[in-house]
Amino acid sequence: MALINSKSGKVIKDYNIDELKEQANLMRGYNLVALCAAGSGHAGGTLSIMDITAALYLKVADLDPENPNWDGRDRIIWSTGHKAPSLYLGLAFAGFCKKEDVMYLRKLYSPFQGHPHWLKLPGVEVSSGSLGQGLSVSVGIALAGKLDNKKFTTFCIMGDGEQQEGNIWEAVMEAGHYKLDNLVGIIDYNRLQIDGWVREVMNVDPLEDKYRSFGWEVMRINGHDMKEVVDALTRSKKGVGKPLVIIADTVKGKGVSFMEDIAGWHGKSPNYDEMLKGLTELGLKDKIPYEKLLAHAKEYQKEVEKKLDAKMPKFKKDYWWNSGESMKVKMEPTRKGFGLSLAENGDDPRVVALGLDISGSITISDFYQGKPERKKRWISMGIAEQSATAAAAGLAKEGKLPVLGTYGTFAAARNLDQIRVSVCYGNFNVLIAGAHGGVSVGPDGATHQALEDLFAMCGLPNMSVVVPCDINETKKATDYLLLKHAGPKFIRFAREATPIVTTDKTPFIFGKANVFRLRKEQPDFIEAFESVLAEKYVNENENLSIVACGPMVPEAMRAAYILKKEFGWETRIVNMHTMKPMDKMAVIRAARETGVVITAEEHQIGALAWQVSSIITECPDIFGKPVITGAIGVKDRFGDSGAPWELVKEFEVSAEHIAQKAVELMKIKGKGELLSH
C-alpha cells in the first residue's frame, strides 16, 4: 500500500516510478524556494535525501494524510533533523499540509521549525535535531510495536556523519540484540558533513561490516535510482528476522550543479539568484510559482512582525538599535573574539584544539587557519561531544591545554556527565566553548538554542564560567582562560552580531564585575558610557541597578538610556561577565546603594537571577533594608524558530522589557519611600 484511507482501506494514490521521479524533482524545487524564503537552512542534505523522501511518503510507507495519528501507520523518524524541509515536503506532497505553507519554514510561530517538532505539525513523528538520538527513539517505537503485536514498520533516517555519535551504536546494539525486524535504518550516505569529507573528519567506514557485526541485515543502493530505492524500501517492510539498514549512496546537493559535493552547502540556503539558477537546472523555472510562493512567505512574515510589535513595551519614541540619529552602535559576532584569541595564542605548544564539526562557524578553526605548523595540534573528533570531552580530560592530564567547542546546548548538556566526572571531578585544565548561546542561533529552533546550559555549568564544583558581553570581551576572556586560568572552565558566547560596547581600555579581570554608567547621549552609543571595575566604583546614589551578563549587557545599557530619557532615572549597570565565581560585593553594593536590582540573562530565568537573589538574601549587611528585585530572562519555555532579533522580542529579553520591569519596580520603590515618610 502507501497513501491509504485508513477507514476504507482504499489506496488514495499509487505512484509509478516515473511519477515518483517527477515528484522528487518537484520537491527539490519547492525545497530551494522554501530555503530562499527562510534565508537559512540546509540545502545540501535536503537535496540528497529527496528521492528517498518521495519513495517513502508517496509509495512505500502506509500513511493516511486525513488521519495522521492512525494507529496502523508506519512510523518515519528523522534522526537527521536538519533535513526537516525534506520531511515537510514529503508530508505536503502526501497531502498532510499545503505545499505553499512550507514557505513558512524557520519563521517565528510556524509549525515548520528549523528542526522538526511533533507537537507543532501533524505527520511529524518525533522532535529531533540533536544528532544520534533518533535511532534510539526508533528502537523504543519498534519495541512498543512488538509488545503490542502491531504490524507497522519503523523507518529511521540518518546521516553518514551522524554515525560518529556514540548514541547511534548503543541503539544499533540494542536493535540487533532484540532482533527488531520491524526497524529499518536508512543512511543518507552523501559523504560530506560541515567540516568536510566524512572520511577525513572522522571516518565511519566500513559501515556495512559494522552493522552486520551487530546482527543487522545490510542493503546498499544508489539513493538516486528511484527503482532501486522503491525496491529496497518495499523489501525492507517484509522483515528478515533482524533489523535492516539501507545504506543509500547519494550526492550532497543533488540536482543543482553548484551545490553538488560541496561541504559549504551543508548549512547554507540559496539567495534569489541561486534559487533561480537551481530551478532552471532542475527544469522547474516555469513549473513552480516561485514568485507567488515567496510572496506567501512575505505575507506571513508581515503578520509575525505585527504580532511582535503588539507585544513590545511602548515608550515615547523608538529606542531600537540604530533607529535614531544618535547613539549608533557597531555590531560583530562575539564568537569572532574567540577565534581571534586562538589565532593569537595558539603558538603555545601546550594548546590543542578539538574540532566537533562546526569548526568554522564557532571560529575554533582560526587556531590553525593560515598556520600549517599548528595543524598537528588540531584534532578533529567529528560529531562526538561526549568522547571528545573525556579525551580533552586525558590531554589535560598529560599537560596539554585542550580547548573544544560546539553549540552551547551540546557543549554543556549532551556531554554533561563527561564534564562532571572526567573534567571537573579530576579538576582538569579544559576550556569548553559553549558557542551560539541563547537565542542567537535563531531559525535553527529549540533543539539548538542553549537556554539551560548555565544551570549545569554553574552547578558543577571546580567549574569556572564566563559569559562575555561582546567581541572584545570575548577575546579578553579567552586570552585569560586559555593560558592563565587553571582548572575546568566554560565560556559562553553568541552567534549573531551583537553591539560592541567595550574597547581595549575597558577593564576585564576574571571574577570582578564592571560597572557601566550612562554619562551623556552621544553620536556613538559606546561613547555615551563610562566603565570602571565595580570594586573601584564610587556610589552615585542611582535609582536602580541592572545586573546583566553576555548580550544582555548591551540591552541593559540601552534600557538605562530609555529610563534616563523617559523618566530621568539613573541606572547602575553591572556587567557580571564572570558567572562563577560571582563578584558578590558588586551585587551587595548594588542592592544596598540603589534598593532596586533587576537581573537580565539570555537564558532561562535563574542562572543569574537566583545567584544574585541568594547573595542579597544571605548578606547580613542588607538584613532589614528594603531591596526590590526583578528578573528578565526566558520564562520556563523551549525556544522557537525565528530571526535572532525577533526572538529577543518574543522571549521578552529586550531593553524595552528591562525598562518596563524597571518601571514596575520603581513604582513599588516609590510607594515604600512615601510610607517611610
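The basis for the numbers below is simple: all heavy atoms, side chains too, and nothing from hydrogens, waters or symmetry mates. One is the number of the first residue; the rest follow in order along the sequence. Everything quoted here is computed from the prediction, not taken from an experiment.
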Residue list, side-chain contact (heavy atoms from CB on, under 4.5 Å) with Asp309, at least two apart or on another chain
Lys314

Residues that Ser613 engages under side-chain contact (heavy atoms from CB on, under 4.5 Å), provided they are two or more places apart
none

Pairs in or reaching into residues 521-532: which pass salt bridge (charged side-chain N to carboxylate O under 4.0 Å, His left out), with residues at least two apart or in two chains?
Arg519-Glu530, Glu521-Lys565

Any side-chain to backbone donor/acceptor pair from Asn543 onto Glu570? Under 3.5 Å, distance only.
yes

Under 6.0 Å between ring centres: does that hold for His436 and His448?
no

Is the Phe651 to His657 ring centre distance short of 6.0 Å?
no

Has Lys311 got more than 12 heavy atoms of other residues, nucleotides or ligands less than 6.0 Å from its NZ?
yes

Within a strict 4.5 Å, meaning less than it, do heavy atoms of the Gln133 and Asn167 side chains meet?
yes

Taking only residues two or more places apart in sequence, or in another chain, which ones meet Glu535 in a side-chain contact (heavy atoms from CB on, under 4.5 Å)?
Lys512, Leu533

I'd like to check Val329 versus Ile526 (side-chain heavy atoms, cut-off strictly below 4.5 Å). Are they in contact?
no

Under a 4.5 Å cut-off applied to non-hydrogen side-chain atoms, are Leu460 and Leu416 in contact?
yes

Return the set of residues passing ring pair (Phe, Tyr, Trp, His ring centres under 6.0 Å) with His42 (not counting sequence neighbours), or none when no residue passes.
His82, His266

Going from CD1 on Ile500 to CE on Met331, what distance comes out if it is rounded to the nearest 0.5 angstrom?
9.5 Å

Name each donor-acceptor pair under 3.5 Å that joins a side chain in residues 334-341 to protein atoms two or more places apart or in another chain, with its distance.
unit_1	atom_1	unit_2	atom_2	d
Thr334	OG1	Ala494	N	2.8
Thr334	OG1	Ala494	O	3.1
Arg335	NE	Arg495	O	2.9
Arg335	NH1	Ser361	O	2.7
Lys336	NZ	Glu332	OE1	3.4
Ser341	OG	Asn345	ND2	3.0
Ser341	OG	Asp479	N	3.2
Ser341	OG	Asp479	OD1	2.6

With a 4.0 Å cut-off, would you call Lys302 and Glu305 a salt bridge?
no

Sorted by first residue and then second, give each salt bridge (charged side-chain N to carboxylate O under 4.0 Å, His left out) pair with at least one member in residues 451-460; sequence neighbours left out.
Asp453-Arg492

Will you find, in the side chains of Glu473 and Asn575, an N or O donor that is under 3.5 Å from an N or O acceptor?
yes

Hey, is CH2 on Trp118 packed in by over 12 heavy atoms from elsewhere, all under 6.0 Å?
no

Passing option when Phe525 is tested against Trp321, Tyr319, Phe516, Tyr561 for ring-ring contact (aromatic ring centres under 6.0 Å, His included)
Trp321

Just do the side chain to side chain contact (heavy atoms under 4.5 Å, CB included) check on Val587 and Val574 with the steps written out, would you?
CA-CA 8 Å; Val587 174; Val574 180; 5.9 Å; no

Please check if atom CZ in Arg517 has more than 12 non-hydrogen atoms from other residues, nucleotides or ligands closer than 6.0 Å.
yes

Gap separating the CG atom of Asp357 from the OH atom of Tyr407, nearest 0.5 angstrom:
9.5 Å

Atom pair OG1/CE of Thr571 and Met666 - distance to nearest 0.5 Å
8.0 Å

Nearest heavy-atom approach of Val403 to Ile364 is O-CD1, 3.8 Å

Check step by step if side chain to side chain contact (heavy atoms under 4.5 Å, CB included) holds for Lys306 and Val304.
CA-CA 5 Å; Lys306 285 181 183 178; Val304 168; over 6 Å; no

Step-by-step side chain to side chain contact (heavy atoms under 4.5 Å, CB included) determination, Cys549 to Met579:
CA-CA 8 Å; Cys549 63; Met579 289 279 289; 3.9 Å; yes

What I'd like to find out is whether the side chain of Leu518 reaches to under 4.5 Å of the side chain of Leu563, using heavy atoms alone.
no

Ignoring hydrogens and geometry beyond distance, is a side-chain donor-acceptor pair present between Arg414 and Thr409 at under 3.5 Å?
no

Expected list for residues 626-636: side-chain donor-acceptor pairs under 3.5 angstrom, two or more places apart:
unit_1	atom_1	unit_2	atom_2	d
Lys635	NZ	Glu652	OE1	2.8

Please confirm whether the backbone N or O of Gly355 pairs with a side-chain atom of Ser359, one donor and one acceptor, at under 3.5 Å?
no

With side chains defined as the heavy atoms from C-beta onward, is the minimum distance between Arg572 and Ile546 less than 4.5 Å?
no

Scan for salt bridge (charged side-chain N to carboxylate O under 4.0 Å, His left out) pairs involving residues 497-508, sequence neighbours excluded, and state none if there are none.
none

Quick test of your reading: applying salt bridge (charged side-chain N to carboxylate O under 4.0 Å, His left out), list the pairs with at least one residue in residues 580-590, sequence neighbours left out, ordered by first then second residue.
Arg589-Glu593

Residues, nucleotides or ligands: over 12 heavy atoms within 6.0 Å of Phe638 CZ:
no

Find the distance between CZ (Phe490) and CE (Met457) and round it off to the nearest 0.5 Å.
6.0 Å

Tyr104 vs Tyr109 side-chain heavy atoms within contact, under 4.5 Å
no

Would you please say whether a donor-acceptor pair under 3.5 Å links the side chains of Trp645 and Glu650?
no

Mind running side chain to side chain contact (heavy atoms under 4.5 Å, CB included) on Leu544 and Leu665 for me, showing each step along the way?
CA-CA 9 Å; Leu544 72 153; Leu665 301 187; over 6 Å; no

Could you give all pairs that pass the side chain to side chain donor-acceptor pair (under 3.5 Å) test and reach residues 423-433, with sequence neighbours left out?
Asn429-Lys489

Regarding Lys649 and Glu646, does a basic nitrogen lie under 4.0 Å from an acidic carboxylate oxygen?
no

Would you give the length of the straight line joining atom OG of Ser641 to atom CD of Gln449, rounded to the nearest 0.5 angstrom?
7.0 Å

Quick one: do the Asp417 and Asn415 side chains pair a donor with an acceptor below 3.5 Å?
no

A side-chain contact here means heavy atoms from C-beta on lying under 4.5 Å apart; do Phe567 and Lys564 qualify?
no

Do the side chains of Asn514 and Thr506 get nearer than 4.5 Å, heavy atoms only?
yes

Is there a donor-acceptor contact under 3.5 Å linking the side chains of Ser422 and Gln418?
no

Can you tell me how far NZ of Lys330 sits from CD1 of Ile471, rounded to the nearest 0.5 angstrom?
12.0 Å

Is it the case that the side chain of Thr474 and the backbone of Asp470 share a donor-acceptor pair, with hydrogens and angles ignored and the cut-off at 3.5 Å?
yes

Identify all side-chain donor-acceptor contacts of residues 462-469 below 3.5 Å with residues at least two apart in sequence or on another chain.
unit_1	atom_1	unit_2	atom_2	d
Asn462	ND2	Cys424	O	2.8
Ser464	OG	His485	NE2	3.0

Does atom NZ of Lys317 have more than 12 heavy-atom neighbours from other groups under 6.0 Å away?
yes

